[in-house]
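I have placed the structure first, in the form of structure tokens, so that the comments after it can refer back to it.
In this text the structure is predicted, and so the values were computed from the model without any measurement.
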Amino acid sequence: MAEKERIEKQFDFIREIDKEKFIGRQTYLSDARRKENDAEHAWHMAIMTVLLSEYSNEEIDVLKTVTMLLIHDLVEIDAGDTYAYDEEGNKTKRARELAAADRIFGLLPKDQGSRFRALWDEFEARETAEAKFAHAMDHVQPLMLNAATEGKSWIEHGVRLSQVLKRNQSTGDGSEELWEYAYENFISPNLEKGRIEKD
């Protein structure tokens, strides 16, 4: 591939992923005034990984994990954000995201597209230390923001404890310490205050 063609493909991808800033999530920012977007979510988790990697159950490659988190929701440009507790939406999520991964990572030069797609697939599989820790970040970050906003999103959606526990059943696989911290500091107080519904 000619150098000009390569750099043009890279900038095509870079322009395309700007659309991640338009993908809204259900989690409110810490001031509870508006909801975060996918790009803000990815940035937050990347910083969290740099700061909290010491709590991973296994040693991880921090740069690899950060890269995984920065790209893991790019598929939502096509597939949309599926709310964690949307049972109907989650039934078709995988198919929508696979098609999106093919298109979006296919915009890159083949070597980079293959690398990003492999990282995305690794995140989805949740088998490596990096993928497990990345999922822990993906689960702890919204718990933290929900707690910071006095459970605003949980209350709006009538979220039950069983849903929160099901969503976080693999969080401890990445970091038992961070899962325990999140349960004690983000979930338990909000359960006691009725912001998360008891089953």
Side-chain angles (χ1 to χ4, degrees), residues 20-49 51-52 55-57 65 68-69 72-98 100 123-127 131-199:
E20 188 180 29
K21 298 170 187 173
F22 300 111
I23 307 301
R25 291 173 46 82
Q26 292 301 312
T27 309
Y28 283 91
L29 298 180
S30 57
D31 68 357
R33 290 184 184 174
R34 72 168 174 87
K35 294 174 181 175
E36 70 178 352
N37 64 49
D38 270 1
E40 291 166 328
H41 173 62
W43 161 82
H44 212 179
M45 291 184 301
I47 295 284
M48 287 172 63
T49 298
L51 294 174
L52 302 174
Y55 303 110
S56 177
N57 292 344
T65 309
M68 195 179 284
L69 285 165
H72 86 285
D73 276 342
L74 292 179
V75 295
E76 294 184 0
I77 290 168
D78 289 357
D81 176 66
T82 304
Y83 183 48
Y85 307 115
D86 177 357
E87 292 177 15
E88 281 305 306
N90 277 296
K91 290 177 183 175
T92 61
K93 178 182 174 182
R94 179 75 177 152
R96 286 182 283 118
E97 290 189 349
L98 282 169
F123 174 84
E124 291 293 304
R126 301 182 194 200
E127 292 173 353
K132 290 174 186 176
F133 192 77
H135 272 277
M137 295 296 92
D138 198 27
H139 295 167
V140 170
Q141 189 260 0
L143 291 174
M144 175 191 66
L145 287 179
N146 271 303
T149 59
E150 298 182 343
K152 187 170 182 177
S153 182
W154 285 326
I155 294 165
E156 284 180 358
H157 293 280
V159 173
R160 300 181 311 278
L161 178 61
S162 60
Q163 292 175 292
V164 175
L165 294 179
K166 183 179 178 185
R167 166 77 175 159
N168 284 280
Q169 62 190 356
S170 65
T171 303
D173 294 346
S175 174
E176 290 176 14
E177 196 166 347
L178 290 176
W179 167 237
E180 288 172 12
Y181 181 88
Y183 189 87
E184 290 171 12
N185 293 275
F186 306 146
I187 298 171
S188 187
N190 284 283
L191 182 65
E192 289 169 13
K193 292 172 182 170
R195 296 166 183 161
I196 299 171
E197 296 179 10
K198 294 179 181 176
D199 292 279

Value for CD (Glu176) from OG (Ser56), rounded to nearest 0.5 Å, stands at 10.5 Å
Do Ile77 and Asp38 make a side-chain contact, defined as non-hydrogen atoms from C-beta onward lying under 4.5 Å apart? no
Candidates Arg33, Glu36, Glu156 - the one meeting side chain to side chain donor-acceptor pair (under 3.5 Å) with Tyr28: Glu156
May I have the list of side-chain donor-acceptor pairs in residues 182-190 shorter than 3.5 Å, sequence neighbours left out?
unit_1, atom_1, unit_2, atom_2, d
Asn185, ND2, Tyr181, O, 2.9
Asn190, OD1, Arg195, NH1, 3.1
Asn190, ND2, Phe186, O, 2.7

Do Leu143 and Trp179 come close enough that some side-chain heavy atom pair is under 4.5 Å? yes
Intermediate values then yes/no, side-chain contact (heavy atoms from CB on, under 4.5 Å), Trp43 and Asn37: CA-CA 10 Å; Trp43 161 82; Asn37 64 49; over 6 Å; no
Closest approach of Tyr55 to Phe133 (non-hydrogen atoms, all atoms of both residues): C-CE1, 4.3 Å
Taking it one step at a time, do Lys93 and Asn90 satisfy side-chain contact (heavy atoms from CB on, under 4.5 Å)? CA-CA 5 Å; Lys93 178 182 174 182; Asn90 277 296; 3.5 Å; yes
Asp138 side chain to Ala134 main-chain N or O, any donor-acceptor pair under 3.5 Å? no
Step through the shown structure and confirm whether more than 12 heavy atoms of other residues, nucleotides or ligands are within 6.0 Å of CD on Gln169. yes
Over all atoms of both residues, closest heavy-atom pair of Ala100 and Asp78: CB-CB, 3.6 Å
Rounded distance (nearest 0.5 Å) linking atom OG1 of Thr27 with atom CE of Met144: 10.0 Å
First locate atom CG of Leu178, then atom CE of Met48, and finally report the distance between them rounded to the nearest 0.5 Å. 7.5 Å
To the nearest 0.5 Å, atom OG1 of Thr65 lies from atom NE2 of His72 at 12.5 Å
For the atom pair CZ (Arg94) and CG (Leu98), what is the distance rounded to the nearest 0.5 Å? 4.0 Å
Could you report the tightest heavy-atom contact between Gly158 and Gln163, atom names first, then the distance? O-OE1, 4.0 Å
Could Glu150 and Lys193 be called an ion pair, given the rule that one side-chain N must be under 4.0 Å from one carboxylate O? no
Closest heavy-atom contact between Arg160 and Ile196? C-CG2, 3.8 Å
Answer yes if the side chains of Ser170 and His135 hold a donor-acceptor pair under 3.5 Å, and no otherwise. no
Is the distance between the ring centroids of His157 and Tyr83 under 6.0 Å? yes
Interatomic distance, Glu97 atom CD to Thr82 atom OG1 [nearest 0.5 angstrom]: 6.0 Å
Taking every non-hydrogen atom, the tightest pair across Asn146 and Ser153: OD1-CB, 3.2 Å
Arg34/Glu40 ion pair, N-O < 4.0 Å: yes
Does Lys132 pair with Asp173 as a salt bridge, N-O distance under 4.0 Å? no
Smallest heavy-atom separation, Asp73 atom then His41 atom, equals OD2-CD2, 3.4 Å
